[in-house]
2 protein chains.
Amino acid sequence: MASVKREEAIFADLPLNQILFGDCLDILPKLPSHSIDLIFADPPYNLQLQKELWRPNQTPVVGVDDEWDRFANFEDYDDFTTRWLSECRRVLKTTGTLWVIGSYHNIYRVGKIMMDLGFWILNDVIWHKTNPMPNFRGARFQNATEILLWAKRSREARGYTFQYQAMKNLNEGKQMQNVWHLPLCTGAERMKIDGKKAHSTQKPEALLYRVILASSKPGDVVLDPFLGTGTSAVVAKRLGRHFIGIERDPRYIGLAQERLKNTPFCGVDERELLITPSKRAAPRVAFGQLVEAGYLKVGTVLYSRDRRIVAYVKADSLLRWDSKEGSIHQIAALAEGKPACNGWEYWYYEDEDGQLISIDVLRARYRAENGLE
Amino acid sequence: MASVKREEAIFADLPLNQILFGDCLDILPKLPSHSIDLIFADPPYNLQLQKELWRPNQTPVVGVDDEWDRFANFEDYDDFTTRWLSECRRVLKTTGTLWVIGSYHNIYRVGKIMMDLGFWILNDVIWHKTNPMPNFRGARFQNATEILLWAKRSREARGYTFQYQAMKNLNEGKQMQNVWHLPLCTGAERMKIDGKKAHSTQKPEALLYRVILASSKPGDVVLDPFLGTGTSAVVAKRLGRHFIGIERDPRYIGLAQERLKNTPFCGVDERELLITPSKRAAPRVAFGQLVEAGYLKVGTVLYSRDRRIVAYVKADSLLRWDSKEGSIHQIAALAEGKPACNGWEYWYYEDEDGQLISIDVLRARYRAENGLE
DNA sequence: TGGTGATGTGAATCCCCCC
DNA sequence: AGGGGGGATTCACATCACC
């Protein structure tokens, strides 16, 4: 029975920090469902380059024409894409997300299939190459981009990881856009054999750094079904994540293992240097705790910024405004006629000098004085 | 017989410089085959907005929920897309090309269908908006792009128009890339009724300038099956091309006719085109890029010139000094007790020999090695 | 007339925990 | 799985009121 064979073949434990040798259509079914936090996939591009391309100086341009990158027709490519994406969706946790990178030759087919399979696109990210190859014929616009699709498992899936604050920090304090200006993988980073490119589409580590830092946490499991020379695994290791790589060409596996050997795993002592936790992750402080702890006395008068709204703190930490009672958030929303309002930012109290102080300052003080940071 | 009716209905002469009232699925079949030089299509995106979205200042975001953007499911959308694209392909000359603009909500479906119908993609052009709406919840990357697909009728089609030199001139003498930095349609250019936007998705004329100038010649026929308020027709007229517009909402037709009345035929000369803004991405290098690219490893120690101040590089490119965190500039200023300080000049790292090297040297190396000079 | 600060707004698939 | 409640979250411009 096929199902029994399949059960037997499934890994009892996740093969963490390993490169699995074989075709991803054979290996992925052996991974358990709902076990992976993040998938990065750089599938074949189906470029269908037929004629050779020559530079103006009569030297040939080396294109992508590896054997693994040829499909007979769209149907074959779509079938292959549907199969590996389906398996990826199965092994992904409901909190997990998937990245796929491609060019205009394949990404439109891939994106459509992703949507059909139920993936819910979060962003299409444009990798704008700072040093792209020129268009030698002058027949089109210079193609300077590849596209990454970032998606969660389904529209309903909740709890995916997005390190908003870390991305903002990387971008000099402004929220990171879906356009990334990054150079191609060149120079010493580019793996070479006898002076020639070891892999025709090796991705830069900086690209994977941003992908993995943005959408996973230390200790998460990062799966790459088309590992190639191992860029995603190397960066995952650097950033204190676990990796699982799948690759069917033993030559690439050898190169990836060499790179991994030279990559230190981010040590525990470095974990604290990874990223600043977001405000959302800060321990919650209920307004009632401030009242209980005496930071605000029962009966204290709270004001809106313009002193137009005046409310009183009750012993049960609800506010009384007019004849109405509710939480700091509910009364603020009510007073402003809005569906919701952050009470921590809305309310102020008066200090001895009659100055208005935000109650959010009190919350910060409470956190600081009670080891809640 | 349907075929007879169809034949009878076809326009004897092309309805040049007219706006045709009706659904493009009804009107397109009346146009003769192989008659159009250039098609620009801005179809519904099928945005699928569900809940209300509020800005941090508690005002609502006005989303697109027009009747014309609602489809029951992907199948309906695909069917609609297949039908109008098929007709577009029929009416296109073999030397003609087609542009379609969309967002990640629809462009992957559209692109896949285009390929299936036989269109051959020449470029995917990224419209990188210079002033996009932020992501208010900090839940994703800020979505700053729309995508235009530019395609010829078939792989074999020869002789399409690409004004390579004009594009090069527009781009300060360098090859025009497939990434266009252009602002949204705002201000006086935006059509308004009673102070409110007349159309929820009006495109900027500058975008259509590039499209029409790049891929057509004076006297060519430009067809727009989703004319809206007429941006493509207006720009075609200004550039000395003929237009044919199709629109099913009479209110939009009225607005478009008003704009056309105020537009001179061929009212643009070369000099005016040459001063069209062509902002290039600034070759700025953020400190974070050095960290991402591995020029500085996470945990690297940075020193002030006199080694008095010692800080650590975090994964999100902030520095940690004492218990404080901030950008290279902020921490330098803090450590020196100054209001501001240039971190690029302040910080040094140690090389293998214990020599202090300025991080500004690293920045210069990054620029040199990645074509950013 | 000119500068300054407040206000408005753009194709938006925009939270998460707990009951 | 659906509802309720806490509470976190914005960038580049254009316009306009006001001094």
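Note that this is a predicted model, so its numbers are computed, not measured. Below, chain A is the first sequence line, B the second, and so on; all start at residue 1.
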| What pairs with B:Phe71 under ring-ring contact (aromatic ring centres under 6.0 Å, His included), at least two apart in sequence or on another chain? |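 For B:Phe71 the ring-ring contact (aromatic ring centres under 6.0 Å, His included) partners, ignoring immediate neighbours, are B:Tyr77, B:Phe80.
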| query | In chain order, what residues pass the ring-ring contact (aromatic ring centres under 6.0 Å, His included) check against A:Tyr366, with sequence neighbours excluded? | reply |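 In terms of ring-ring contact (aromatic ring centres under 6.0 Å, His included), with neighbours along the sequence ignored, A:Tyr366 is linked to A:Tyr295.
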Go through the structure and list residues passing side chain to side chain donor-acceptor pair (under 3.5 Å) with [X], not counting sequence neighbours.
{"X": "B:Thr81", "value": "none"}
{"X": "B:Lys203", "value": "B:Asp42"}
{"X": "B:Ser103", "value": "B:His105"}
{"X": "B:Thr201", "value": "B:His199"}

| said: Suppose you measure atom P in D:dA8 against the same atom in C:dA11; what distance do you get, rounded to whole Å? | reply: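 Result for the P pair: 30 Å, nearest Å.
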| message | Measuring only the C1' atom in each nucleotide, how far is C:dC14 from D:dG7? A whole number of Å is fine. | response |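 Going atom to atom, C1' in each nucleotide, I get 15 Å.
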| query | Going 5' to 3' along nucleotides 4-14 of chain C, which nucleotides have protein heavy atoms under 4.0 Å from the base (write B), which only from the sugar-phosphate (write S), and which from neither (write -)? | reply | -----BBBBBB
| message | Classify A:Glu345 by what it touches in the nucleic acid, base, sugar-phosphate, or nothing, heavy-atom distance under 4.0 Å. | response |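 Base: the residue A:Glu345, judged by heavy atoms under 4.0 Å, touches a nucleobase.
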| field | Residue list, side-chain contact (heavy atoms from CB on, under 4.5 Å) with A:Arg305, at least two apart or on another chain | value |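 With sequence neighbours excluded, A:Arg305 shows a side-chain contact (heavy atoms from CB on, under 4.5 Å) to A:Tyr348, A:Leu356, given in chain and number order.
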| task | Check DNA chain C against residues 322-330 of chain A and give the residues with a non-hydrogen atom under 4.0 Å, in numerical order. | result |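 The stretch gives none, as no residue of it lies under 4.0 Å from the strand.
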| request: Strictly below 4.0 Å, heavy-atom distances to any atom of DNA chain D: list the hits from residues 286-298 of chain A, or just say none. | output: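 Within residues 286-298 of chain A, no residue comes under 4.0 Å of DNA chain D.
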| task | Report yes if a side-chain nitrogen or oxygen of A:Arg284 is closer than 4.0 Å to either non-bridging phosphate oxygen (OP1 or OP2) of D:dG5; otherwise report no. | result |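 For A:Arg284, the contact criterion (side-chain N or O under 4.0 Å from OP1 or OP2 of D:dG5) is not met.
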| message | Dot-bracket, 5' to 3', for DNA chain C please: Watson-Crick or G-U pairs under 3.5 Å, [ ] where pairs cross earlier ones, | where the partner sits on another strand, dots elsewhere. | response | .|||||||||....|||||
| field | Of all pairs that satisfy side chain to side chain donor-acceptor pair (under 3.5 Å), the ones with a partner from residues 93-102 of chain A, not counting sequence neighbours | value |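 Qualifying pairs, neighbours excluded: A:Asp37-A:Lys93, A:Thr97-A:Trp150, A:Trp99-A:Ser215.
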